[in-house]
Peer 1: 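I have a structure here, written as structure tokens, and I will follow up with some questions on it.
Letters A, B, ... are given to chains in the order of the sequence lines, protein chains preceding strands, and every chain is numbered from 1. Just so it is clear, the model here is predicted, and its values are computed rather than measured.
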2 protein chains.
Amino acid sequence: MNTILTTSAEENYLKAIFKVAEKEPGPVLTNALAAAMGTSAASATDMLKRLSDKQLVAYEKYRGVTLTEAGSQLATALIRKHRLWEVFLVDKLGFAWDEVHDFAEQLEHVQGEHLTERLDEFLGHPRFDPHGDPIPDAQGRWIRRPQARLATLAPGQRGVVTGVDDHSSAFLQYLDELGIGLGVEIILIERTPYDQSTKVSIGAGESILSEKVCQNLFVRIM
Amino acid sequence: MNTILTTSAEENYLKAIFKVAEKEPGPVLTNALAAAMGTSAASATDMLKRLSDKQLVAYEKYRGVTLTEAGSQLATALIRKHRLWEVFLVDKLGFAWDEVHDFAEQLEHVQGEHLTERLDEFLGHPRFDPHGDPIPDAQGRWIRRPQARLATLAPGQRGVVTGVDDHSSAFLQYLDELGIGLGVEIILIERTPYDQSTKVSIGAGESILSEKVCQNLFVRIM
DNA sequence: TTTTATTTTTAGACTAGACTAAAAATATTT
DNA sequence: AAATATTTTTAGTCTAGTCTAAAAATAAAA
Ligand SMILES: [Mn+2]
Ligand SMILES: [Mn+2]
Ligand SMILES: [Mn+2]
Ligand SMILES: [Mn+2]
């Protein structure tokens, strides 16, 4: 029951380890972590020693790192906080989905009793954030939704947008221009063999989406 | 128009300088600042050099420190953010007035465009925080209210509670027990010459308030 | 106007978190 | 199995922010 004190830097590393491990199963390598954090490999090694001392990661020299149960819970709580704040910023303060990440990156580190649960309640227990990512509950349980990349759909199939893989402002703003957002229905018309660009129907109009766009869009197939 | 980058530590010192200067006019002395910050005088001196380099304070060795225009604006913006977040925590998340200070102490340091203005708008442009303290507007303008310490009222006078001088949890919770909060009307019945303790009428009942309590309560005389 | 007391600054040390450059370990080729 | 390439760690340095102890400046008292 004794709560481990963590700095913002430590928390950011824990989250990064969690996210890298999510994509590539197995231990997270130092270079991958450093790349995810935008720091040098030396800095990552340094931090891994600190996190290891605090029992938040299992770290073996030259072999990579995995989160301990405590580390995993902390990372999950961080992601929960990050995503709840994003919902607040979009739903309550009226920010666009491409504007909220940097704020949430700071807000997720605010410490104190009950804040997250009060926020969660105020927001009506949202289960997904403004980018369609699931928000783990207070016990750290995740919701899994069946979803597929738009790139995997065949002509004639339809899907409802449930999320994005690329969270960059550039991508999100481009989607806005295309009229694509969470819940929007997309009908796949045809795919060009040459470059896999795809003609789709969105609401009233039609658009051509590059392969890159189709790879970064998640849909629920209808 | 070039925005000065500040750390949380620098911001906390700026706010402390502002607040000490508010109480005691004239330059803020190193020891007073260190006491307000809960750090050593050596640490305060160190920080004063940094703030002076950034042109946020005018610091003269052994003579004390005053905020520059830039420093004063920054401190005011900090106080604005702190108090707006307190309103959010009480009005929207349902925290009690004695629970929000530590959260606001962190939230005031969240950086980014438009956040404060969006929050202000969401909250309906509140002009006072949950402790009755004025919230400066986006231009840094302050509202001054005529108010007096309850200790200065004479028997027979009545006042409406507008604020507190002591912001401690202990004091605020004691006020809760007494049924005293912002907007509550207090009628002064009599004051004992011996220790200045004061019999008052609050709503239905009567209470005896110590001199300390009366000194820390602000009222608008009716 | 000295002496003494108080306040403030400096000096030196520590931690967290970053960096670069060099060394060591591991992985891949030949 | 050596040689080479890649990855990771170590060594050394830097900054922000803190501390304690000592020195210096200012204020108060004798
Ligand atoms: Mn963060
Ligand atoms: Mn998100
Ligand atoms: Mn603060
Ligand atoms: Mn307040």
Side-chain angles (χ1 to χ4, degrees), chain A residues 4-17 20-21 23-67 71 74-75 78 105-106 108-109 111, chain B residues 4-17 20-21 23-67 71 74-75 78 105-106 108-109 111:
Chain A
I4 300 154
L5 292 179
T6 48
T7 65
S8 295
E10 288 169 343
E11 290 177 348
N12 286 333
Y13 272 96
L14 287 175
K15 229 177 36 160
I17 294 166
V20 172
K23 300 243 162 181
E24 299 271 326
V28 171
L29 303 180
T30 301
N31 267 354
L33 178 56
M37 284 299 296
T39 61
S40 71
S43 299
T45 299
D46 219 66
M47 180 56 86
L48 289 179
K49 287 177 187 163
R50 275 195 290 274
L51 294 174
S52 189
D53 289 346
K54 291 194 176 182
Q55 316 254 54
L56 295 170
V57 302
Y59 166 56
E60 275 193 272
K61 267 188 179 187
Y62 297 100
R63 288 286 117 112
V65 71
T66 54
L67 294 175
L74 240 157
L78 257 302
E105 204 54 55
Q106 300 173 67
E108 69 190 359
H109 303 294
Q111 311 258 2
Chain B
I4 299 155
L5 293 179
T6 47
T7 66
S8 295
E10 289 168 342
E11 291 178 347
N12 286 334
Y13 272 96
L14 287 174
K15 228 177 36 160
I17 294 167
V20 174
K23 301 244 164 180
E24 298 272 326
V28 171
L29 302 180
T30 303
N31 267 356
L33 178 56
M37 285 297 298
T39 60
S40 70
S43 300
T45 300
D46 218 69
M47 180 56 86
L48 289 180
K49 288 176 187 163
R50 275 195 289 274
L51 294 175
S52 189
D53 289 346
K54 291 193 176 183
Q55 317 253 52
L56 295 170
V57 301
Y59 167 55
E60 275 192 272
K61 267 190 179 184
Y62 296 100
R63 288 286 115 113
V65 70
T66 54
L67 295 175
L74 240 157
L78 257 301
E105 205 53 55
Q106 301 173 66
E108 69 189 0
H109 303 294
Q111 311 258 3

Peer 1: Using a heavy-atom distance cut-off of less than 4.0 Å, which residues of residues 38-50 of chain B contact DNA chain C?
Peer 2: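 Result for residues 38-50 of chain B: B:Ala41, B:Ala42, B:Thr45, B:Lys49, sorted by number.
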Peer 1: When you check the phosphate oxygens OP1 and OP2 of C:dT7, does a side-chain N or O of B:Lys61 lie under 4.0 Å from one of them?
Peer 2: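 For C:dT7, neither OP1 nor OP2 has a side-chain N or O of B:Lys61 closer than 4.0 Å.
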Peer 1: Please enumerate all residues that pass side chain to side chain contact (heavy atoms under 4.5 Å, CB included) together with A:Ala21, with sequence neighbours excluded.
Peer 2: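 Listed in chain order: A:Val28.
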Peer 1: Identify which nucleotide among D:dT10, C:dT8, C:dG17 has an atom closest to any side-chain atom of B:Thr30, counting heavy atoms from C-beta outward.
Peer 2: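 Closest nucleotide among those given: C:dT8.
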Peer 1: Does anything in residues 34-48 of chain A pair up under salt bridge (charged side-chain N to carboxylate O under 4.0 Å, His left out), and if so which pairs, sequence neighbours excluded?
Peer 2: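 For residues 34-48 of chain A, and leaving out neighbouring residues, the salt bridge (charged side-chain N to carboxylate O under 4.0 Å, His left out) pairs sorted by first residue read A:Asp46-A:Arg50.
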Peer 1: Keeping to residues at least two apart or across chains, list the side-chain hydrogen bond (donor to acceptor under 3.5 Å, both in side chains) pairs with something in residues 33-42 of chain B.
Peer 2: B:Tyr13-B:Thr39, B:Ser40-B:Ser43
Peer 1: Is any side-chain nitrogen or oxygen of A:Tyr13 closer than 4.0 Å to OP1 or OP2 of C:dA16?
Peer 2: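 No, because none of the side-chain N or O atoms of A:Tyr13 sits under 4.0 Å from OP1 or OP2 of C:dA16.
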Peer 1: Taking side chain to side chain contact (heavy atoms under 4.5 Å, CB included) as the definition, give me every residue that meets it alongside A:Ser8, ordered by chain and number, with sequence neighbours left out.
Peer 2: A:His109
Peer 1: For A:Ala32, give me all partners under side chain to side chain contact (heavy atoms under 4.5 Å, CB included), at least two apart in sequence or on another chain.
Peer 2: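 Result, side chain to side chain contact (heavy atoms under 4.5 Å, CB included) vs A:Ala32: A:Val20.
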Peer 1: With respect to the side chain of B:Ala9, which nucleotide from D:dG17, C:dT8, D:dT26 is positioned closest?
Peer 2: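 It is D:dG17.
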Peer 1: Please collect all salt bridge (charged side-chain N to carboxylate O under 4.0 Å, His left out) contacts where either partner lies in residues 54-64 of chain A, sequence neighbours excluded, each pair once.
Peer 2: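 As it turns out, the salt bridge (charged side-chain N to carboxylate O under 4.0 Å, His left out) pairs with a partner in residues 54-64 of chain A, which skip direct neighbours, are A:Glu10-A:Lys54.
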Peer 1: Between the protein and nucleotides 3-6 of chain D, list the N/O to N/O atom pairs that are separated by less than 3.5 angstrom.
Peer 2:
none

Peer 1: Only counting residues at least two apart or in another chain, list the ones meeting salt bridge (charged side-chain N to carboxylate O under 4.0 Å, His left out) with B:Glu105.
Peer 2: B:Lys15
Peer 1: Within the pair B:Tyr59 and C:dT9, is there a side-chain N or O less than 4.0 Å away from OP1 or OP2?
Peer 2: yes
